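Okay, so here's the structure we're looking at.
Proteins get letters first, then strands, A, B, ... in listed order; numbering begins at 1 in each. Since the structure is predicted, the reported quantities are computational estimates derived from the model, not experimental observations.
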Protein chains: 2
Amino acid sequence: MKEGPDIARIAALIGDPARANMLTALMTGKALTATELAAEAGITGQTASSHLSKMDDGGLLRVRKQGRHKYFSLANDDVATVLEGLMGLAAKTGHLRTRTGPKDAPLRKARVCYNHLAGDMGTRMFDAFIAQGYLRTTGEALELSPMGEDFMRRFGVDLDGLRRAKAPLCRECLDWSARRSHLAGSVGRALLTRFEDLGWARRTAGSRVVTFTRQGERQFLTEVIGALR
Amino acid sequence: MKEGPDIARIAALIGDPARANMLTALMTGKALTATELAAEAGITGQTASSHLSKMDDGGLLRVRKQGRHKYFSLANDDVATVLEGLMGLAAKTGHLRTRTGPKDAPLRKARVCYNHLAGDMGTRMFDAFIAQGYLRTTGEALELSPMGEDFMRRFGVDLDGLRRAKAPLCRECLDWSARRSHLAGSVGRALLTRFEDLGWARRTAGSRVVTFTRQGERQFLTEVIGALR
DNA sequence: TTCATACTTCGACCATAGCCGAAGCATCCG
DNA sequence: CGGATGCTTCGGCTATGGTCGAAGTATGAA
């Protein structure tokens, strides 16, 4: 009658309607902010905060702070698997939810995130760097491979100068609209600056939109993304 | 914020400590009675009854009534899989429980269950019939195949006579000690009678123990179980 | 039949925990 | 520097639901 691998503790966490709604919302794989999750569950921010910290303590969630936002995602695949299984058991109606992200098309496509490139073009660039082996994620950190360093130098990024500053070269940043990672850190900032210097893109005054020229976008695709092959 | 495949409903069912204890106890694959499960969870019979009916309604359990006992087992593999996953998430200490069944060795080996053979020899016979294709489970029912009928006739069971009675020929009966199925119904009863007639076994007076003679047990193994090959 | 056992139902108690309003930090923006 | 936004903490309200005692039903044993 005693003991227990506390399967009850975990199940009870999932068992609350509000929390279950949040978790199913996260099943899309996208990270969501506390406020969005609150709306998803139909509760106020205070209550959501309490729920989210409980699920975090329970190991169900992964949390990333981004400025004044807090992005939540499922902790790992095991969590998703269990949720999937529970949905199977609940053999009920279909589900899907989440209404997320900016509606402004230009914003979704390319925008500045603090000082680096975000939006669709930002995440595509990040993915390309990873696929090409220029960037490696080592645990929580993110680092340039020798090939990556070479690319950056050829592209006109002053790596040595950046290294002299104390700021981290590469950081992973969670994208607001795509909800995937893009490249932050001093290298990310330098790249955006370089795009502007090359005349490929320019920031729109009073907005976060980054506008690429037709020519600039073509060059971006071939010389950065296209570096893939 | 609305809708939902009610993953919360199911998870909440598992999320109660008492219910979680019962479910983990059932993870051994053995069926347990309501009283045993109550002891397992450390609660009274009334409370257990409420929990068990809820889990049954929720589709987590399979229930079989046996006289004044009610045997519970997990509804299916999916339930077990989810529980397994939850245990993984709860990544905690080991677990195991259940203290079940009779301690009397002869009783465990072979005994009468109402009027048919139960215990280890009973379940082995049942398994052999299934493996050999003599018995088939069609949904909830249990029926003899033509080959099975042939075997029964050769073994001296008056199938035609039994058929004239209204009682079901074959029924599945949950074994008390092994907690697995054995053969009940008029055929099950006829088989035990036949074992006695053949001098293979006899019931012990004032007890449920069935004693096989050394010779009888050998013949049982070769001519019934051994019919497997 | 009578007694014992297994389970269920009813009713009431009470603790847990979800919920929100209000107030407090932290961060970003102009 | 304010002012706005996102999140957290605190306090108190309330409802859900787990719990058991007592009484009821069903089955098996003597």
Side-chain angles (χ1 to χ4, degrees), chain A residues 1 8-9 11-22 31-58 61 63-72 100 102 111-115 118 173-174 176 184 203 205-208, chain B residues 1 8-9 11-22 31-58 61 63-72 100 111-115 118 173-174 176 184 205-208:
Chain A
M1 68 177 68
R9 207 183 95 256
L13 275 178
I14 310 174
D16 175 81
R19 289 192 290 256
N21 281 335
M22 295 180 177
L32 296 169
T33 68
T35 310
E36 287 169 328
L37 287 167
E40 206 60 55
I43 55 180
T44 62
Q46 309 93 294
T47 309
S49 176
S50 160
H51 284 313
L52 289 169
S53 72
K54 280 175 190 169
M55 290 194 284
D56 185 27
D57 291 346
L61 298 181
V63 188
R64 274 171 287 183
K65 250 167 93 175
Q66 200 103 101
R68 53 183 172 181
H69 294 272
K70 217 167 167 181
Y71 283 91
F72 294 88
T100 161
R111 67 177 175 279
V112 61
C113 177
Y114 304 121
N115 47 29
C173 183
L174 199 56
W176 171 42
R203 312 193 190 186
S207 153
R208 301 178 57 185
Chain B
M1 69 175 71
R9 208 183 94 258
L13 276 178
I14 309 175
D16 175 80
R19 289 193 288 257
N21 281 334
M22 295 180 175
L32 296 169
T33 68
T35 310
E36 288 169 327
L37 287 167
E40 206 60 56
I43 53 180
T44 63
Q46 309 94 294
T47 308
S49 176
S50 159
H51 283 314
L52 289 169
S53 73
K54 280 174 191 169
M55 289 195 282
D56 185 27
D57 291 348
L61 298 181
V63 188
R64 275 170 286 183
K65 250 166 92 175
Q66 200 103 101
R68 53 180 172 181
H69 295 273
K70 217 165 167 182
Y71 282 91
F72 295 89
T100 162
R111 66 176 176 280
V112 61
C113 177
Y114 305 122
N115 47 28
C173 184
L174 198 57
W176 174 41
S207 154
R208 302 177 59 185

To the nearest angstrom, how far is B/Met55 atom CE from D/dG17 atom C1'?
15 Å
Rounded to whole angstrom units, what separation is found between the NZ atom of A/Lys65 and the P atom of C/dC25?
15 Å
How far apart are the C-alpha atoms of B/Tyr71 and B/Val63, what are their side-chain angles, what is the distance that settles it, and do they pass the side-chain contact (heavy atoms from CB on, under 4.5 Å) test?
CA-CA 6 Å; B/Tyr71 282 91; B/Val63 188; over 6 Å; no
Residue set satisfying side-chain contact (heavy atoms from CB on, under 4.5 Å) with B/Ser53, at least two apart, ordered chain then number -> none
Which residues pass the side-chain contact (heavy atoms from CB on, under 4.5 Å) test with A/Ala18, sequence neighbours left out?
A/Asp16, A/Ala41, A/Ile43, A/His51
Stepwise, does the side-chain contact (heavy atoms from CB on, under 4.5 Å) test hold for A/Gln46 with A/Ser50?
CA-CA 7 Å; A/Gln46 309 93 294; A/Ser50 160; over 6 Å; no
Heavy-atom pair of closest approach, residues B/Ala34 and B/Ala48
O-CB, 4.4 Å
Footprint string (nucleotides 17-22 of chain C, 5' to 3'): B base within contact, S backbone only, - free, heavy atoms under 4.0 Å:
-SSBBB
Side-chain donor-acceptor contact under 3.5 Å, A/Thr47 with A/Thr44:
yes
A/Glu36-A/Thr33 side chain donor-acceptor pair, cut-off 3.5 Å
yes
Enumerate all atom pairs, one protein N or O and one N or O from nucleotides 2-6 of chain C, separated by less than 3.5 Å.
| from | atom 1 | to | atom 2 | distance (Å) |
| --- | --- | --- | --- | --- |
| C/dT5 | O4' | B/Arg68 | NH1 | 3.4 |
| C/dT5 | O2 | B/Arg68 | NH1 | 3.1 |
| C/dA6 | O3' | B/Arg68 | O | 3.2 |

Do the non-hydrogen side-chain atoms of B/Met55 and B/Arg19 ever get within less than 4.5 Å of each other?
yes
